[in-house]
Amino acid sequence: DTNAGTYGIPEFGTRFVRQMLDETKPATMDELVRISGLSHGTDVWSGNAQELIQSGTAELRQCICTREDIMNYLILSGVDTKTAFDTMESVRKGKGLKPHMEQAMIKARVPGWIMDSCCKIKYMFPKGHAVAYVTMALRIGWFKVYEPKAYYCAYFTIRAVGFDASVMLLPEDGLRAHLSKLNERFRELTAKEKDQITMLELALEMNLRGIRFLPVDLYRSGAGVFRIEAGGIRPPFTALAGLGLAAAQSIAAARDERPFLSIEDLRGRVRLSSSVIEMLRGQGCLAGLPETSQMNLFDALLA
């Protein structure tokens, strides 16, 4: 739903901010800081700066985006520093413009649209916070562009609560189908389902960049950490819906001691429930592993 490649980037990955990026097309650090200010303010973007930009009244660089924009603009326009500071404080708290502030702005020939914009604002973000957020986002964005496997591994390990390998390992068409179904009823979704949209978007983007999820493997998967492999990214045991971290750690610890002789051996050493065994079987994790450790006479003679 966007041309922005900011899926999974803090502060710039939400649907709301991606739309802002599409509309403003930022090209500089300063413009990204402005977008961060707009996205964290109240009545600063919607019904305000967005309309000014869409109508051609102002460009992004001219809009009031952070608290300091007001004070700095007024001082440069010739308003005395005390009045400029007081105006910034009044606007950022949602109290609008007092008569003496309006008079000072009129005297300094401040455009009417700026004064109108100030009167609409309910809360403004400090520029220092916006700079810190953008700096962090750019650092993470660097890894996403230049070290994509490391980025996706870190993202899914830390953020992918409720990751379901049976869905995320689907090909591109399957991922798009799941996304489409969720987006059709977006307003009705629970917080958990909205988180799933974010994961599906990242998984689809990953596929389009030529990086694939590999199947969960009894001997290659980690307990709870995604791993980089030559063929793609290997999800951990916890990527299987219903398999918790404690059980995943038990599987990893047992297999590191010695290989499993059979499904019976796995069940006995790790004490997994029948439902977890069936889930592992359904995901192909137990392929090639015999049901029991017993050997019949015929097999013994062949051996």
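In this structure, Thr238 contributes its side chain and Leu245 its backbone to no donor-acceptor pair below 3.5 Å. Using a distance-only test at 3.5 Å, with no hydrogens or angles considered, no donor-acceptor pair links the side chain of Asn72 to the main chain of Asp69. Looking only at distances, a side-chain donor or acceptor of Glu193 sits under 3.5 Å from a matching main-chain atom of Thr190. Under the 3.5 Å distance criterion, the side-chain polar atoms of Lys95 are left unmatched by any main-chain donor or acceptor of Cys119. For the pair Tyr151 (side chain) and Gly8 (backbone), a donor-acceptor distance under 3.5 Å is present. A side-chain donor-acceptor contact under 3.5 Å links Arg34 to the backbone of Cys63. Checking side-chain atoms of Ser117 against main-chain N and O of Trp113 turns up no donor-acceptor pair under 3.5 Å. A donor-acceptor pair is defined here as one N or O able to donate and one able to accept, closer than 3.5 Å; no such pair exists between the side chain of Glu278 and the backbone of Ser274. When atom types are taken as modelled, the side chain of Ser55 and the backbone of Leu52 share a donor-acceptor pair closer than 3.5 angstrom. A donor-acceptor distance shorter than 3.5 angstrom exists from the side chain of Lys25 to the backbone of Asp22, with no hydrogens or angles considered.
Inter-residue side-chain proximity for Met199 and Phe163 is flagged as met; some heavy-atom pair is nearer than 4.5 Å. For the pair Ile53/Glu59, no side-chain contact is recorded, criterion being any heavy-atom separation below 4.5 Å from C-beta on. Between Arg109 and Ser77 the shortest side-chain heavy-atom distance does not fall below 4.5 Å. Residues Ile64 and Cys118 are in side-chain contact: their nearest non-hydrogen atoms beyond the backbone lie under 4.5 Å apart. Side-chain contact between Phe186 and Ile197 is present, with at least one heavy-atom pair separated by less than 4.5 Å. Side chains of Met136 and Pro10 form a contact here, defined as non-hydrogen atoms less than 4.5 Å apart. Taking the side chain as every heavy atom from C-beta outward, Val17 and Thr6 never approach each other to under 4.5 Å. By the 4.5 Å heavy-atom criterion applied to side chains, Glu264 and Glu291 are not counted as neighbours.
One distance of note links CD of Glu229 with CZ of Arg220; it measures 6.0 Å at 0.5 Å rounding. For the atom pair His178 NE2 and Asp173 CG, the distance stands at 13.0 Å (nearest 0.5 Å). The structure places CD1 of Ile9 at 12.0 Å from OG1 of Thr14, a figure rounded to the nearest 0.5 Å. Once rounded to the nearest 0.5 Å, the distance linking CG of Leu38 with OG1 of Thr66 reads 9.0 Å. One finds the CD1 atom of Ile251 at 9.5 Å from the OG atom of Ser221 (value rounded to the nearest 0.5 Å). From Leu202, atom CG reaches atom CE of Met168 across 9.0 Å, with rounding to the nearest 0.5 Å.
Side-chain contact, His40 with Glu11: a donor N or O sits under 3.5 Å from an acceptor N or O. Side-chain contact of Asn183 with Arg15: a donor-acceptor pair under 3.5 Å is present, judged by distance alone. Residues Asp164 and Ser166 have side chains that bring a donor and an acceptor to within less than 3.5 angstrom of each other.
Minimum heavy-atom separation, Met115 to Leu97: O-CD1, 3.8 Å. Across all non-hydrogen atoms, the minimal contact from Lys149 to Ile233 is O-CD1, 3.9 Å. Residues Gly96 and Ser90 come closest through the heavy atom pair O-OG, 2.6 Å.
A salt bridge links Asp265 with Arg269; the closest basic N to acidic carboxylate O contact falls under 4.0 Å. Electrostatic pairing of Arg67 and Glu89 does not count as a salt bridge here, judged by no charged N lying under 4.0 Å from a carboxylate O. A salt bridge links Lys122 with Asp43: the closest approach of a Lys/Arg side-chain nitrogen to an acidic carboxylate oxygen falls below 4.0 angstrom. Between Glu68 and Lys127 no salt bridge is recorded (no basic side-chain N to carboxylate O distance below 4.0 Å). Using a 4.0 Å cut-off between a side-chain N of Lys or Arg and a carboxylate O of Asp or Glu, Lys181 and Glu184 do not qualify as a salt bridge. Checked for salt-bridge contact, Arg159 and Asp195 miss the test: no charged N lies under 4.0 Å from a carboxylate O.
Placement of Leu243 and Leu169 in two distinct hydrophobic clusters is found when ILVMFWY residues are connected by side-chain heavy-atom separations under 4.5 Å, directly or transitively. No continuous path of hydrophobic side-chain contacts links Ile158 to Leu200 [ILVMFWY only; heavy atoms under 4.5 Å]. Under the 4.5 Å side-chain heavy-atom criterion for ILVMFWY residues, no single connected hydrophobic cluster contains both Leu218 and Leu261. If you chain together hydrophobic residues whose side chains sit under 4.5 Å apart, Val134 and Met124 fall into the same group. Side-chain heavy atoms closer than 4.5 Å link hydrophobic residues (I, L, V, M, F, W, Y) into clusters, and following such links, possibly through other members, connects Met71 to Ile114.
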Side chain to side chain contact (heavy atoms under 4.5 Å, CB included) between Tyr7 and Arg18, intermediate numbers included: CA-CA 8 Å; Tyr7 292 99; Arg18 293 199 308 260; 3.3 Å; yes
Between Tyr133 and Leu32, is the side chain to side chain contact (heavy atoms under 4.5 Å, CB included) condition met? List the steps. CA-CA 10 Å; Tyr133 285 2; Leu32 290 175; over 6 Å; no
Verify salt bridge (charged side-chain N to carboxylate O under 4.0 Å, His left out) between Glu205 and Lys144, making sure each step is shown before the conclusion. CA-CA 11 Å; Glu205 179 188 70; Lys144 184 175 183 181; 2.9 Å; yes
Checking side chain to side chain contact (heavy atoms under 4.5 Å, CB included) for the pair Arg227/Leu214: CA distance, chi angles, key distance, verdict? CA-CA 10 Å; Arg227 293 177 172 177; Leu214 303 172; over 6 Å; no
Walk me through it: do Leu266 and Ile277 pass the test side chain to side chain contact (heavy atoms under 4.5 Å, CB included)? CA-CA 9 Å; Leu266 169 63; Ile277 290 292; 4.1 Å; yes
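Dense packing is recorded around NZ of Lys194, with more than 12 heavy atoms of other residues, nucleotides or ligands lying under 6.0 Å away. The environment of CZ in Arg281 is crowded: more than 12 heavy-atom neighbours from other residues, nucleotides or ligands sit within 6.0 Å. The neighbour count for Arg212 CZ, taken as heavy atoms of other residues, nucleotides or ligands under 6.0 Å away, is above 12.
Looking at Leu170, Asn207, Leu204 one by one, the single match for side-chain contact (heavy atoms from CB on, under 4.5 Å) with Arg176 turns out to be Leu204. With Ser39 as reference, Phe16 is the one residue of Phe125, Trp45, Phe16 to meet the side-chain contact (heavy atoms from CB on, under 4.5 Å) rule.
Taking the six-membered ring for Trp and thresholds of 30 and 60 degrees, Phe213 and Phe226 have ring planes inclined between 30 and 60 degrees apart.
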Would you mind writing out the side-chain donor-acceptor pairs for residues 78-86 within the sub-3.5 Å range, not counting sequence neighbours?
{"residue": "Asp80", "atom": "OD1", "partner": "Thr83", "partner atom": "OG1", "Å": "2.8"}
{"residue": "Asp80", "atom": "OD2", "partner": "Lys82", "partner atom": "N", "Å": "3.3"}
{"residue": "Asp80", "atom": "OD2", "partner": "Thr83", "partner atom": "N", "Å": "2.9"}
{"residue": "Asp80", "atom": "OD2", "partner": "Thr83", "partner atom": "OG1", "Å": "3.0"}
{"residue": "Lys82", "atom": "NZ", "partner": "Asp86", "partner atom": "OD1", "Å": "3.4"}
{"residue": "Lys82", "atom": "NZ", "partner": "Asp86", "partner atom": "OD2", "Å": "2.5"}

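Taking the ring centroids of Tyr152 and Phe143, they lie at or beyond the 6.0 Å cut-off.
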